[in-house]
**Q** 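One structure follows; several queries about it will come next.
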Amino acid sequence: MLCESDSDAISEESESESEEEVFNDVRDSVETPPKKEEAKIKIKKQTKSFSAEDYFDAHVSSKVITSNHSLRKLEKPRLDQDTINDALQKMPKKHEKECKIIFKNLESKFRRWQCLLLEGFSLLLYGLGSKASLLNSFRKLVSSDEDDAIVINGFFPTLTLRDIFSAIIRDTLDYAVVPGDENECCNIILRHFNHSDSHHLYLLINNIDGQALQSSKAQNAIARISMAKKLHLVASIDHINAPLLLDQCLLAKLNLVWQDSTTMLPYYEETAFENSVMVQQSGKMVLSSLHSVFQSLTTNAKKILNILMENQLNAQEANYPGMSFRDLYQEAREQFVVSSNLALRAQLTEFLDHKLVKMKKGFDGSEMLHLPLPPAILKEFKSTHNFDSL
């Protein structure tokens, strides 16, 4: 006989089996949607080869997006050069006592430097800090009634080899005219200072690694005149890569002795001609350099420069292309400034070397000349010089 507990268990199992059967019938009655067939993608290998012209053709019509952020949107406006110089002068000098001690230690080596120069060596000063004051102090020591010393600022942007030769030939040798050929200038200097009766000349170049003297032509010319027996070269470098300018040939000619001349002094003079986007250019620096170059020009060269300035100031065009070489030659010949085409080109070469004049090709292929200076500076320059008396 079955007990009540067994009968209850059997009833529960039958009820669970009946519920499962009902669930299965409902599940089977629900229609499941058919599965979609997955699309098969066939990857075709591209065999086309692209060239550099295809890249530029694809990007030639792309729009160039530029930012509209400018210095005018800064909260603090740009300062002019004079304001910055005044602010730098008012700044307290750090380690002034230590810098004076370093400078005095370098001055104590001047007699040794002079002995090395008299023995036929050239000196190359290197190290951190400006060496302008050091070279000026050395110039005062070696200058005398018999010997001369010239300081050349290599960082000056418009400096040329002709300026160096002119300082030696005209100011030291008292020549009235400086030859236009650089090889002839070198021969005059070598012939004079190789003579036993000549005086000694100390050529002191601050920043021989300046932008105006970085060309191989300038470096070889300086090395050539330094080989004279009574011309002594003392040069300074400040750029970290300046030794790369000197090859084995130059080192053999210069016969250098490297001297550590760390002064820790600020580069006030060396950086005075640097252009910065954060400094508002007032034009005074350009005007001062134009004055210094103008003093070394001949009368005919000044007249040619005046013709170019008059033509540029009288032009009403916004984008002034310049004065053609043909028009300049015709006007200069009418004023009896030049007599031939070659004479005018010789005068323009000096302008181009000093970067007073720029030359470019016009639309018709003619040579166009213009002064890369704003009209305000040209007017101020003309007001300070009497061109009518030329």
**Q** Of the options Ile307, Ile304, Leu308, Asp327, which is the one that meets Leu369 in a side-chain contact (heavy atoms from CB on, under 4.5 Å)?
**A**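 Answer after filtering Ile307, Ile304, Leu308, Asp327: Leu308.
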**Q** Do Phe110 and Leu134 have side chains that approach each other closer than 4.5 Å (heavy atoms only, starting at C-beta)?
**A** yes
**Q** Show me the pairs that pass ring-ring contact (aromatic ring centres under 6.0 Å, His included) and involve residues 323-350, at least two apart or across chains.
**A**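 Sorted pair list comes back empty.
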**Q** For Glu310, what residues pass the salt bridge (charged side-chain N to carboxylate O under 4.0 Å, His left out) criterion, not counting sequence neighbours?
**A** Lys382
**Q** Could you tell me whether the side chain of Leu124 reaches within less than 4.5 Å of the side chain of Leu246, counting heavy atoms only?
**A**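 In contact.
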**Q** Decide whether Ser130 and Glu270 meet the rule of one side-chain donor and one side-chain acceptor closer than 3.5 Å.
**A** yes
**Q** Identify each donor-acceptor pair in which a side-chain atom of residues 166-176 lies under 3.5 Å from a protein atom, sequence neighbours left out, and give them as a table.
**A**
none

**Q** Applying side-chain hydrogen bond (donor to acceptor under 3.5 Å, both in side chains) as the test, list every pair that has at least one member in residues 232-252; sequence neighbours left out.
**A** Lys131-Asp238, His200-His232, Asn206-Ser236, Asn207-Asp238, Asp238-Tyr267
**Q** Write out all pairs satisfying side-chain hydrogen bond (donor to acceptor under 3.5 Å, both in side chains) with one or both partners inside residues 184-195, taking only residues at least two apart or from two chains.
**A**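 Pairs touching residues 184-195 that pass the test: Asn187-Arg224.
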**Q** Taking only residues two or more places apart in sequence, or in another chain, which ones meet Lys217 in a side chain to side chain contact (heavy atoms under 4.5 Å, CB included)?
**A**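 Partners of Lys217 by the side chain to side chain contact (heavy atoms under 4.5 Å, CB included) criterion, ordered by chain and then number, come out as Leu161, Glu182, Ser215.
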**Q** Which residues pass the side chain to side chain donor-acceptor pair (under 3.5 Å) test with Tyr202, sequence neighbours left out?
**A**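 Applying side chain to side chain donor-acceptor pair (under 3.5 Å) to Tyr202 gives Gln114.
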**Q** Suppose we screen for side chain to side chain donor-acceptor pair (under 3.5 Å). Which residues come up paired with Thr298, at least two apart in sequence or across chains?
**A**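 Once residues adjacent in sequence are excluded, Thr298 has no partner under the side chain to side chain donor-acceptor pair (under 3.5 Å) criterion.
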**Q** Using the side chain to side chain donor-acceptor pair (under 3.5 Å) criterion, which residues pair with Thr160? Sequence neighbours excluded.
**A** Asp163
**Q** State which residues pass salt bridge (charged side-chain N to carboxylate O under 4.0 Å, His left out) with Arg345; sequence neighbours excluded, sorted by chain then number.
**A**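 Expected list: Glu367.
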**Q** Do Leu305 and Lys302 come close enough that some side-chain heavy atom pair is under 4.5 Å?
**A** no
**Q** Tell me every residue that passes ring-ring contact (aromatic ring centres under 6.0 Å, His included) with Phe165, counting only those two or more places apart in sequence or in another chain.
**A**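 ring-ring contact (aromatic ring centres under 6.0 Å, His included) list for Phe165, sorted by chain: empty.
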**Q** Which heavy atom of Ser122 sits nearest a heavy atom of Leu117, and at what distance?
**A** CA-CD2, 4.2 Å
**Q** Are the side chains of Leu371 and Phe381 in contact, using a 4.5 Å heavy-atom criterion?
**A** no
**Q** Which heavy-atom pair separates Pro179 from Cys185 by the least distance, and what is that distance?
**A**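 Minimum heavy-atom separation between Pro179 and Cys185: O-SG, 3.3 Å.
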**Q** Kindly write out the residues that satisfy side chain to side chain donor-acceptor pair (under 3.5 Å) with Gln214, not counting sequence neighbours, or none if the list is empty.
**A** none
**Q** Do Lys100 and Phe103 have side-chain heavy atoms sitting under 4.5 Å apart?
**A**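 Contact flag for Lys100/Phe103 side chains = no.
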